[in-house]
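Reviewing the structure listed below.
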Amino acid sequence: MPVARPETSETRVIAHVDMDCFYVQVEQRKQPELRGLPTAVVQYNEWQGGGLIAVSYEARKCGVKRSMRGDEAKFACPEIQLVQVPVARGKADLNLYRSAGSEVVSILAQSGKCERASIDEVYLDLTDAAERMLADAPPESLESMDEEVLKSHILGMSREDGDDCKESVRDWMCRRDADHGDKLLSCGIIIVAELRKQVLKETEFTCSAGIAHNKMLAKLASGMNKPAQQTGVPYSAVQELLSSLPIKKMKQLGGKLGTSLQNDLGVDTVGDLLQFSETKLQEHYGINTGTWLWNIARGISGEEVQGRLLPKSHGSGKTFPGPRALKSLSTVQHWLNQLSEELSERLSSDLEQNKRIASTLTLHASAFRSRDSDSHKKFPSKSCPLRYGAIKIQEDAFNLFQAALREYIGPFGINPQGNKKETWRITGLSVSASKIVDIPSGTSSITRYFQSQSTAPSHSADGCVQEHVAMTPSASEGCSEQRSTETEVAMPEEDTSVTCTLPNFENSYKDIDLVSEKDVVSCPSNEATDIPTQSESNKGTQAKRIGQKINNLKEKNRGIPSIVDIFKNYSATASSKQETQEDSTVSSTSKRVNFSISSHNSEVNQEVEERRETDWGYKLDEIDQSVLDELPVEIQREVRSFMRPNKRFNVGKSKGDGSASSIAHYFQPLKR
DNA sequence: ACGGATTATACC
DNA sequence: TGGTATAAT
């Protein structure tokens with residue numbers, strides 16, 4: 001799984017910044033009276049007091065652990081404060097933590113290349129900033145050194161304990177005979193201390209950090225002294241550090257691969273890996289993983305910090321464990337509607353805040369079958385082009401689910417006699433949006449277009465009339481066909497149309513019978529958590545509609561792409577990516593840390609831009625005319641205006657292969 | 001089939 | 001490509 005990356009010749013300074021029990025801190029900022037108290041954040045769950053997803057350090061002292069239940073936590077630490085994760089649409093809502101994470105990123109991103117590694121972690125490439133500091137104001141030239149810097153831990157440094165450790169830190173950092181790597185590292189340590197102070201000041205969050213020469217070591221170090229501390233890793237300390245490090249502690253080795261190393265090769269520490277030749281490791285784990293292992297044993301990892309501040313996908317999911325497993329199509333639909341709504345909302349935010357659009361919708365589910373023999377078959381994932389608008393996402397998600405369900409159940413359908421109960425149970429559902437690309441910021445009409453697609457649900461709920469749009473001809477047909485039945489069922493709220501349409505992706509409508517009538521129309525009463533989504537009258541109508549041949553969703557989903565597809569063909573990168581790096585999610589109100597950091601800001605960003613240009617490789621001239629014709633005229637003109645000159649773009653003197661090189665140029669204002 | 005919701009990435 | 005598997009938090 002891991003892939004080998006040769007270490008770059010140049011010495012880098014990489015930091016990994018990790019927020020301390022992040023969700024707890026977010027809640028404590030909201031309720032300051034919780035500060036200093038043993039606190040944990042629990043996920044909404046009646047069962048056993050909920051599951052802990054974050055635990056404060058005070059609570060950890062009492063022996064409270066993540067992956068305890070709320071009840072256990074109270075037992076271990078009676079005075080613990082349990083805060084519930086917000087709930088929206090019947091599921092955990094993490095938006096509060098997402099935006100808190102963005103606050104942090106926007107501060108950390110100022111110092112150099114920054115990668116959002118998770119909601120509460122970032123990697124920074126501080127090489128340039130450190131290099132600049134070393135040239136302009138090296139540590140030994142500083143008259144005073146910040147307290148936060150002096151509190152740093154530096155691996156391999158004599159005995160850090162007692163009070164003179166601050167002195168030794170200063171000495172180490174200012175020592176004249178240090179090699180270039182150590183000097184750069186010292187600068188990194190100073191920069192990170194400053195950044196962490198700034199994060200604390202502007203967000204009230206503490207974090208821990210590791211500073212090293214690559215991501216792997218930085219990550220390792222950030223976890224070594226928590227909370228609210230930082231750790232530096234000089235080259236000279238690497239061997240000793242790794243020699244005794246349990247193999248499973250290493251990133252990527254916490255799972256099966258690590259287990260295999262232990263069991264099959266008798267490797268217990270990273271140091272143990274050194275005994276094996278590169279070819280030996282390759283024999284066992286393949287060329288890529290083999291070399292990767294050989295490298296990490298030596299502290300070598302050339303993995304670059306991706307200049308990415310925003311997530312590459314959005315997902316919304318929920319599990320339905322044990323007895324809560326969903327057994328009817330209508331409850332599945334209910335939950336898919338909830339999940340789709342949340343996803344749609346987040347896509348809208350992403351569009352307006354970041355000017356990005358997603359182009360693929362994917363449905364994942366997990367299931368089991370009790371009655372049948374092979375009760376453990378994987379429920380397949382399905383995806384289709386993503387159409388903006390909550391209703392559309394709901395429809396598409398449900399259709400994807402049904403397609404997957406048929407596959408899951410098997411080509412033999414189930415119960416030809418219709419006597420057996422359905423055997424499937426859904427234990428998890430999730431919808432996600434991926435292939436997210438930037439749209440040019442100058443084209444406001446496009447933004448407006450998508451916003452109109454995603455808002456005003458009641459307005460667009462009356463199905464077919466929905467705007468001019470990216471609807472394919474075949475889809476429109478299907479729509480009008482539905483229309484007659486649809487209007488009579490029209491319910492005020494959600495779930496009007498899609499409920500019982502069983503689009504047949506395979507064009508064989510025998511498949512429709514796969515699901516018994518009972519399952520479609522009713523919510524069994526023994527399913528406590530099942531929420532009735534339809535009225536009685538609705539159910540009757542549904543039943544009648546079962547077996548009807550309805551629209552052909554296969555065409556709808558697979559046929560001519562929606563407007564989003566236009567953008568998958570354009571190089572996402574260049575100009576708009578640059579923006580992402582700079583103003584991304586949050587207002588960049590924060591000031592720069594110091595001159596040496598900010599002075600290199602633009603250069604760093606430029607690097608990012610150049611590198612990213614090759615990330616995506618879409619070709620603009622592959623857009624089908626028929627796709628354009630589907631669009632509102634306003635948009636057609638706009639899109640064509642920046643397509644036309646592009647027919648011959650591959651002649652510039654830009655570097656690289658130039659295939660997608662300066663497409664950005666064509667996305668400039670171009671007013672007419 | 002209880003650690004849940006999310007994200008990323010490599011592989012085929 | 002889409003779908004699967006693995007891993008991390």
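Worth knowing before you read on, the calculation uses all heavy atoms, side chains too, and leaves out hydrogens, waters and symmetry mates. Convention: sequence-line order gives letters A, B, ...; per-chain numbering from 1.
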Taking the [atom1] atom of each, how far is [N] from [M], in whole Å?
N	M	atom1	answer
B/dC2	C/dT4	C1'	23 Å
B/dG3	C/dA7	C1'	15 Å
B/dT9	C/dT1	C1'	16 Å

Applying side-chain hydrogen bond (donor to acceptor under 3.5 Å, both in side chains), name anything that partners A/Lys248, two or more places apart in sequence or on another chain.
->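 Result, side-chain hydrogen bond (donor to acceptor under 3.5 Å, both in side chains) vs A/Lys248: A/Thr259.
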Can you name the ring pair (Phe, Tyr, Trp, His ring centres under 6.0 Å) partners of [X], sequence neighbours left out?
X	value
A/Tyr97	A/Tyr23
A/Tyr285	none
A/His213	A/Tyr235

From the set [options], return the single nucleotide nearest to any side-chain atom of [X].
X	options	result
A/Thr319	C/dT9, B/dC2, B/dA5	B/dA5
A/Glu342	C/dG2, B/dT6, B/dG4	B/dT6
A/Ser118	C/dT9, B/dG3, C/dA7	C/dT9
A/Arg69	C/dA7, B/dC2, C/dA8	B/dC2
A/Ser381	C/dG2, C/dT4, C/dT9	C/dT4
A/Gln43	C/dG2, C/dA7, B/dA5	B/dA5
A/Lys382	C/dG2, C/dG3, B/dA1	C/dG3
A/Leu94	B/dT6, C/dA7, B/dG4	B/dT6

Residue of the set A/Val26, A/Asp120, A/Ile107, A/Leu200 for which side chain to side chain contact (heavy atoms under 4.5 Å, CB included) holds with A/Phe205 | A/Val26
B/S/- contact track for nucleotides 7-12 of chain B, protein heavy atom under 4.0 Å = SSSSS-
Using a 4.0 Å heavy-atom cut-off across all strands, classify A/Leu253 as base, sugar-phosphate, or nothing.
-> sugar-phosphate
Please work out which of the three classes, parallel, tilted or perpendicular, describes the rings of A/Trp424 and A/Phe401, given edges at 30° and 60°.
->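 Answer is perpendicular, since the angle exceeds 60°.
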Let me know the distance between [atom1] of [X] and [atom2] of [N], rounded to the nearest Å.
X	N	atom1	atom2	answer
A/Leu429	B/dA5	CG	C1'	13 Å
A/Gln48	B/dG3	CD	C1'	12 Å
A/Lys91	B/dA5	NZ	C1'	7 Å
A/Arg66	B/dA5	CZ	C1'	14 Å
A/His364	C/dA5	NE2	P	12 Å
A/Leu361	C/dG3	CG	P	11 Å
A/Gln84	B/dG4	CD	P	15 Å
A/Asn95	B/dT6	CG	C1'	12 Å

So, is A/Lys65 near the phosphate of B/dG3, with a side-chain N or O under 4.0 Å from OP1 or OP2?
->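 No, outside the criterion.
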What residue pairs, at least two apart or across chains, pass salt bridge (Lys or Arg N to Asp or Glu O under 4.0 Å) with a residue in residues 39-59 of chain A?
-> none
Is A/Arg369 close enough and on-axis enough to A/Tyr408, meaning under 6.0 Å and within 45°, for cation-pi?
-> yes
Toward the 5' end of DNA chain B, which comes first, A/Ile53 or A/Asp93, by nearest nucleotide?
->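 Final value for this comparison: A/Ile53.
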